[in-house]
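The block underneath contains the structure these notes are about, expressed in structure tokens.
Labels below follow one simple rule: chain letters A, B, ... track the order of the sequence lines, proteins then strands, and each chain is numbered from 1. For the numbers below, each heavy atom of this structure counts, side chains included, while hydrogens, waters and symmetry mates do not.
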Protein chains: 4
Amino acid sequence: MQIGMMGLGRMGANMVRRLMRDGHQCVVYDINPASVAALVADGASGAASMAEFVGKLAKPRCVWLMLPAAITGKIVDQVAALMEPGDIIIDGGNSYYHDDVDRAARLRDKGLNYVDVGTSGGVWGLDRGYCLMIGGPDEAVRHLDSVFATLAPGTDAGAPAPDKAAGTAPFGYLHCGPSGAGHFVKMVHNGIEYGVMAAYAEGMNILKAGNAGKVKRDADAETSPLQNPEYYQFDIDLANVAEVWRHGSVIGSWLLDLTASTLKSDASLANFGGRVSDSGEGRWTLKAAIDTGVPAPVLSSALFDRFSSQGESEFADKLLSAMRYAFGGHVEKPKAGS
Amino acid sequence: MQIGMMGLGRMGANMVRRLMRDGHQCVVYDINPASVAALVADGASGAASMAEFVGKLAKPRCVWLMLPAAITGKIVDQVAALMEPGDIIIDGGNSYYHDDVDRAARLRDKGLNYVDVGTSGGVWGLDRGYCLMIGGPDEAVRHLDSVFATLAPGTDAGAPAPDKAAGTAPFGYLHCGPSGAGHFVKMVHNGIEYGVMAAYAEGMNILKAGNAGKVKRDADAETSPLQNPEYYQFDIDLANVAEVWRHGSVIGSWLLDLTASTLKSDASLANFGGRVSDSGEGRWTLKAAIDTGVPAPVLSSALFDRFSSQGESEFADKLLSAMRYAFGGHVEKPKAGS
Amino acid sequence: MQIGMMGLGRMGANMVRRLMRDGHQCVVYDINPASVAALVADGASGAASMAEFVGKLAKPRCVWLMLPAAITGKIVDQVAALMEPGDIIIDGGNSYYHDDVDRAARLRDKGLNYVDVGTSGGVWGLDRGYCLMIGGPDEAVRHLDSVFATLAPGTDAGAPAPDKAAGTAPFGYLHCGPSGAGHFVKMVHNGIEYGVMAAYAEGMNILKAGNAGKVKRDADAETSPLQNPEYYQFDIDLANVAEVWRHGSVIGSWLLDLTASTLKSDASLANFGGRVSDSGEGRWTLKAAIDTGVPAPVLSSALFDRFSSQGESEFADKLLSAMRYAFGGHVEKPKAGS
Amino acid sequence: MQIGMMGLGRMGANMVRRLMRDGHQCVVYDINPASVAALVADGASGAASMAEFVGKLAKPRCVWLMLPAAITGKIVDQVAALMEPGDIIIDGGNSYYHDDVDRAARLRDKGLNYVDVGTSGGVWGLDRGYCLMIGGPDEAVRHLDSVFATLAPGTDAGAPAPDKAAGTAPFGYLHCGPSGAGHFVKMVHNGIEYGVMAAYAEGMNILKAGNAGKVKRDADAETSPLQNPEYYQFDIDLANVAEVWRHGSVIGSWLLDLTASTLKSDASLANFGGRVSDSGEGRWTLKAAIDTGVPAPVLSSALFDRFSSQGESEFADKLLSAMRYAFGGHVEKPKAGS
């Protein structure tokens with residue numbers, strides 16, 4: 001079917017390519033003409049303006065937005081102004097689902113359909129397919145089924161095809177509920193992602209400390225001694241451990257696959273400094289947990305560690321040192337490297 | 001090759017079967033004669049006593065123990081008394097690696113080799129293979145290579161075989177270091193497992209609360225109101241969400257496969273009460289983190305939630321309610337169900 | 001000076017009494033006439049309706065609201081409709097500071113002043129005084145200075161009076177900033193309160209377990225054995241420990257005073273079931289931390305433990321047990337008491 | 001009474017002074033002769049060797065050790081070799097209570113009494129008194145009662161003296177149980193201390209971020225935008241807030257007193273870098289919680305934050321960034337200052 005894609009960054013461009021490979025006709029637009037030209041060369045129909053872009057679409061028009069969350073709201077309003085009742089706007093970016101709920105209500109008053117699609121798969125999606133979590137009105141979601149089926153990974157090669165009548169989840173896409181439900185599920189997906197990542201990272205860090213008994217430690221009043229150095233004499237090869245865990249262990253996962261591959265190419269991770277960004281979904285997941293009174297100690301620990309890695313515990317830590325000085329006369333040790 | 005297996009519970013018996021399928025000769029012993037008889041019927045050579053068991057083994061004798069951690073130490077001593085220099089004792093259970101380090105040193109004085117093997121794979125190992133994390137002296141580990149290769153999953157069906165000279169990790173087994181290193185790596189594996197499991201469980205619990213805005217809440221001074229019920233109107237189908245995440249998402253994993261399958265068969269988890277056991281490794285992982293000064297907030301949160309599920313926060317919670325009453329006159333709400 | 005108080009619950013009534021004791025004239029109103037009558041008997045001027053209440057106040061009218069957060073917004077609007085430019089509305093309840101910011105802006109357009117006062121002190125405030133955290137326009141806050149000074153504890157008996165020109169904080173009240181700042185500071189105060197309370201509660205729970213080595217433990221595969229029972233042979237008298245810590249230790253505090261007194265009267269806390277409520281501020285504190293990217297692992301752990309005590313981790317825990325069954329065949333132990 | 005003090009650092013020397021002020025006779029020894037000389041000048045009886053020191057003591061000899069934990073064990077053995085049945089060794093340092101249990105058993109075989117005293121009070125103890133948590137045999141503890149009574153703070157000035165027959169806790173010292181119980185209680189005291197300190201520090205850090213809406217933020221894909229800057233426009237005066245909380249609030253405490261005083265003298269904490277040491281007790285508290293299955297999420301979060309401040313999360317954080325790059329192509333932002 002025909003679909004319009006606006007926002008041709010890494011994610012948007014790859015999605016267009018995956019769609020065209022499977023026979024869909026794509027109309028594309030981006031404020032950067034070079035991004036448009038690249039896809040036109042691959043067979044897409046390009047547009048030089050938002051108006052031209054909308055004008056090229058057949059009714060009901062389907063416009064898929066793949067934009068930074070910060071500007072999605074504004075662009076939704078602009079494109080909606082050019083559309084007609086029955087048309088469909090799809091937000092495939094990382095919007096806050098609260099915004100989806102609000103936007104969908106506004107667009108509904110104009111007869112427009114709003115579909116939010118949480119998309120996981122990262123840079124691998126072009127070949128591997130994207131996992132799609134979808135929210136929106138039934139009819140609009142049904143109308144887009146063939147698009148979702150193309151973008152999603154589909155079933156495993158060689159595995160027997162599940163019965164589609166029993167649901168689309170085994171094909172890698174799911175209509176999760178009304179507008180907002182798609183990004184709600186994607187939000188929690190990312191919250192879980194932070195927790196799973198942190199579990200591996202903490203575990204690897206403990207393994208790395210397996211040789212602590214061999215390392216010379218400061219012997220001053222501000223350093224806790226290692227009680228049993230004889231139990232910390234292991235030089236663990238982290239890359240090999242990650243690799244072996246991929247085969248038959250309980251903690252095998254795609255993130256572990258990536259971890260093994262990363263550690264194999266650079267066991268010391270010398271290219272990284274350890275400042276871990278967070279991109280909104282983890283924060284929103286925690287806010288949802290707090291709103292609804294659901295305990296989330298693991299997910300919050302993972303999020304707060306990222307904040308810490310960004311330097312945001314500095315003042316709190318200074319205050320702790322100041323208190324220790326005040327009650328016990330403890331003088332702080334210098335930071336490593338300073 | 002020939003190998004002796006002592007301890008024929010679920011894990012031990014399945015390992016014997018997997019070994020025999022691949023042509024190894026197994027001598028088996030258990031205090032329960034029926035367990036021995038069952039494997040003899042499958043082709044193993046059985047023994048009626050520990051002495052007979054050891055007597056049937058050719059030198060260097062290889063005795064694999066698959067016993068509860070609580071009795072492993074005692075049995076190691078008993079079997080060691082029947083063995084001779086050059087023989088090998090393999091502990092495939094869930095021993096604390098501190099005990100491995102101590103035992104290996106004692107056995108080394110007698111010329112015996114001690115090999116500790118952390119084994120992951122659970123009830124699925126018979127068909128899927130076991131992920132093996134191995135500690136011990138080089139020569140003994142090398143001697144057992146064909147046994148490890150059989151028990152491990154091997155490489156993926158259809159995938160090009162990796163070069164074994166580059167290491168055994170891609171085949172699902174790894175010599176991690178000297179005695180204790182195997183169980184050390186397995187211990188951290190389980191610590192990670194707790195964290196990964198908790199990340200999924202917390203996330204699913206948040207998704208489940210997606211309909212909190214539809215649910216009638218108590219409106220009393222002891223209940224926080226839900227600020228924005230309009231954003232919590234989703235009835236999320238957890239089984240379908242777990243299924244869709246298996247296809248192309250960043251958080252795909254074997255634990256997620258199991259979660260999807262479990263939720264599909266019983267979305268309400270009515271067969272479970274929520275008392276989550278922990279089996280030692282999670283605790284030891286945290287102790288290692290504490291000894292070596294490595295932050296593990298995610299892994300500890302996962303462990304402490306299990307303690308809580310076992311009822312162990314009760315006194316602390318009573319004290320919190322008592323403090324609230326003391327400073328603010330707050331009267332506790334009754335527990336649900338009481 | 002004259003001040004009107006609306007909302008004569010425990011907090012409001014006690015504040016009126018403390019104000020009258022110090023010579024202030026109080027006009028009082030509540031939907032419950034008995035509450036009004038009780039304070040009229042003590043010397044207040046009562047009103048039978050909101051209109052009468054406002055009518056009795058001299059300009060600029062000062063109306064202090066001491067209401068449940070859930071209805072404060074509505075009452076602010078109603079009373080504001082009866083007031084004139086220059087008048088002052090004080091919200092002394094537990095409002096969310098976001099609401100203060102929004103309300104103050106609306107009232108400012110009508111020429112009304114909005115002052116938010118976070119109030120700590122609980123049931124002890126009548127005699128001990130209330131700690132007041134104040135937000136609002138400078139002039140209105142200055143106008144109310146004598147009221148704040150009366151409600152606050154003032155300086156310690158016997159201590160030299162600090163120089164008031166250097167600020168009012170040593171007297172127990174503080175103008176923290178523009179509208180919303182008072183409840184913002186009070187919110188974080190309560191967030192800290194949760195953390196401090198949890199620190200004592202967890203510590204007491206660990207002391208209570210000091211005799212774990214004397215207690216018979218289940219010896220099954222689902223129960224971790226206690227490694228060193230010889231180190232857990234202590235029957236600690238928690239009430240005495242709380243008492244001794246009050247004298248010269250680093251962790252002396254008012255909450256510890258209350259804890260000692262509570263444990264002295266009932267060491268087993270038999271009157272409490274362990275369902276710990278949370279009242280909004282702890283949640284909002286965490287949301288502020290998340291918004292601003294500030295790590296708050298301790299405060300969040302304290303909050304999530306309360307959620308857990310309310311039964312909200314049940315589904316997550318069931319899922320963990322279900323996963324353990326799925327990969328390892330582990331059968332859950334029954335919950336204590338079931 | 002007569003008491004011998006060995007180890008004349010800050011703590012030991014001050015304890016001698018407090019004892020002499022109250023009429024006790026002190027025999028003192030330290031490997032540093034200048035430390036001995038300083039106390040001799042104040043009225044103590046000095047010794048130039050351990051043998052001379054022990055020789056000056058009347059039977060039953062009472063030797064109080066105030067030494068770094070790392071050397072206490074060795075010195076206990078040396079001094080024990082010079083003592084006779086019925087003599088008493090008191091360890092007032094920060095020993096691990098496991099060591100107390102073991103040492104007491106060894107000394108008991110020689111007829112010597114071992115008393116462990118957990119001591120809180122820091123640099124303020126000389127004037128304020130020390131809170132003493134005592135473990136050991138009844139008779140030996142009773143023999144030392146007048147020494148404990150002098151070192152402890154006693155009851156509050158002006159307060160009615162409690163009945164000593166009802167226990168010594170109101171005087172600031174407590175016999176907690178057999179050998180080890182004193183340091184066990186002190187250990188948990190410090191665990192709680194970490195939690196309480198962290199609660200204040202996190203809260204202050206959140207207050208400090210009250211002006212986040214005024215601060216220019218990076219607007220890149222690796223920075224989460226601040227959703228509602230209008231709610232983060234507060235410049236909170238942290239020193240004044242700490243001061244006002246000291247008066248009538250629920251979170252008043254001695255640590256808050258110190259915090260207020262510290263922030264008053266240096267609100268920016270410019271003298272501190274934020275590397276927070278931990279001194280053993282916090283670690284041991286967590287190990288006890290883990291051994292006994294008691295949830296301690298707040299205490300562990302506080303401990304792990306200290307580890308993080310020491311740079312120990314670096315590898316884990318690098319791994320998180322590496323994973324983010326691997327699945328999403330996310331390029332790490334540089335660390336502040338690099």
Side-chain angles (χ1 to χ4, degrees), chain A residues 10 68 70 96 122-124 197-198 200-202 204-205 208 219 221-225 227 255 258-259 261-262 269 272-280 283 297 301 305-306 308-309 311-330 332-336 338, chain D residues 10 68 70 96 122-124 197-198 200-202 204-205 208 219 221-225 227 255 258-259 261-262 269 271-280 283 297 301 305-306 308-309 311 313-330 332-336 338:
Chain A
R10 190 168 45 197
Y96 190 24
V123 292
W124 301 76
M197 289 170 70
Y200 289 119
E202 291 182 6
M204 285 290 174
N205 205 8
K208 188 164 178 290
E222 298 298 293
T223 304
S224 288
Q227 290 179 281
L255 280 164
L258 296 174
T259 299
S261 159
T262 293
L269 302 174
F272 299 93
R275 189 189 187 286
V276 191
S277 291
D278 71 286
S279 56
R283 300 186 181 201
S301 295
D305 174 67
R306 294 195 177 194
S308 237
S309 83
E312 298 298 340
S313 54
E314 183 182 343
F315 183 77
D317 289 336
K318 286 183 175 181
L319 188 53
L320 292 175
S321 282
M323 287 185 203
R324 293 185 82 242
Y325 180 74
F327 70 72
H330 301 288
E332 211 180 42
K333 290 190 66 167
K335 283 240 180 193
S338 60
Chain D
R10 190 168 45 197
Y96 190 23
V123 292
W124 301 77
M197 289 171 70
Y200 288 118
E202 291 183 6
M204 285 288 174
N205 205 9
K208 187 163 178 290
E222 296 298 292
T223 305
S224 288
Q227 290 180 280
L255 279 164
L258 297 175
T259 300
S261 159
T262 293
L269 302 174
N271 291 325
F272 299 92
R275 191 190 186 287
V276 191
S277 291
D278 71 286
S279 55
R283 299 185 181 203
S301 295
D305 174 68
R306 293 195 177 193
S308 238
S309 82
S313 54
E314 185 182 341
F315 183 77
D317 290 336
K318 285 183 175 181
L319 187 53
L320 292 175
S321 282
M323 288 187 204
R324 293 185 81 241
Y325 180 74
F327 69 71
H330 302 287
E332 209 181 43
K333 291 191 65 169
K335 284 241 179 190
S338 60

Largest heavy-atom contact set with chain A, pairs under 4.5 Å, which of D:D317, D:T259, D:L319: D:D317
Straight-line distance of A:D278 CG to A:D305 CG, nearest 0.5 Å: 11.0 Å
With sequence neighbours excluded, residues passing side-chain contact (heavy atoms from CB on, under 4.5 Å) with A:K333: A:D218, A:D220, A:E222, A:T223, D:R275, D:S277
Most contacts with chain A, counted as non-hydrogen pairs under 4.5 angstrom, among D:G280, D:S321, D:S308: D:S321
D:V123 versus A:G329, closest heavy-atom pair with distance: CG1-N, 3.9 Å
Residue part contacting chain D, namely of A:A322, when any heavy atom lies under 4.5 Å: both
Closest non-hydrogen atom pair between D:S309 and D:G274, with its separation: CB-O, 3.3 Å
Segment of A:T262 engaging chain D (4.5 angstrom heavy-atom cut-off): side chain
Top contributor to chain D interface from A:R10, A:H330, A:E202 [non-hydrogen pairs under 4.5 Å]: A:R10
Top contributor to chain D contacts, counting heavy-atom pairs under 4.5 Å, from A:E314, A:K208, A:M204: A:K208
Atom CD of A:Q227: over 12 foreign heavy atoms under 6.0 Å: yes
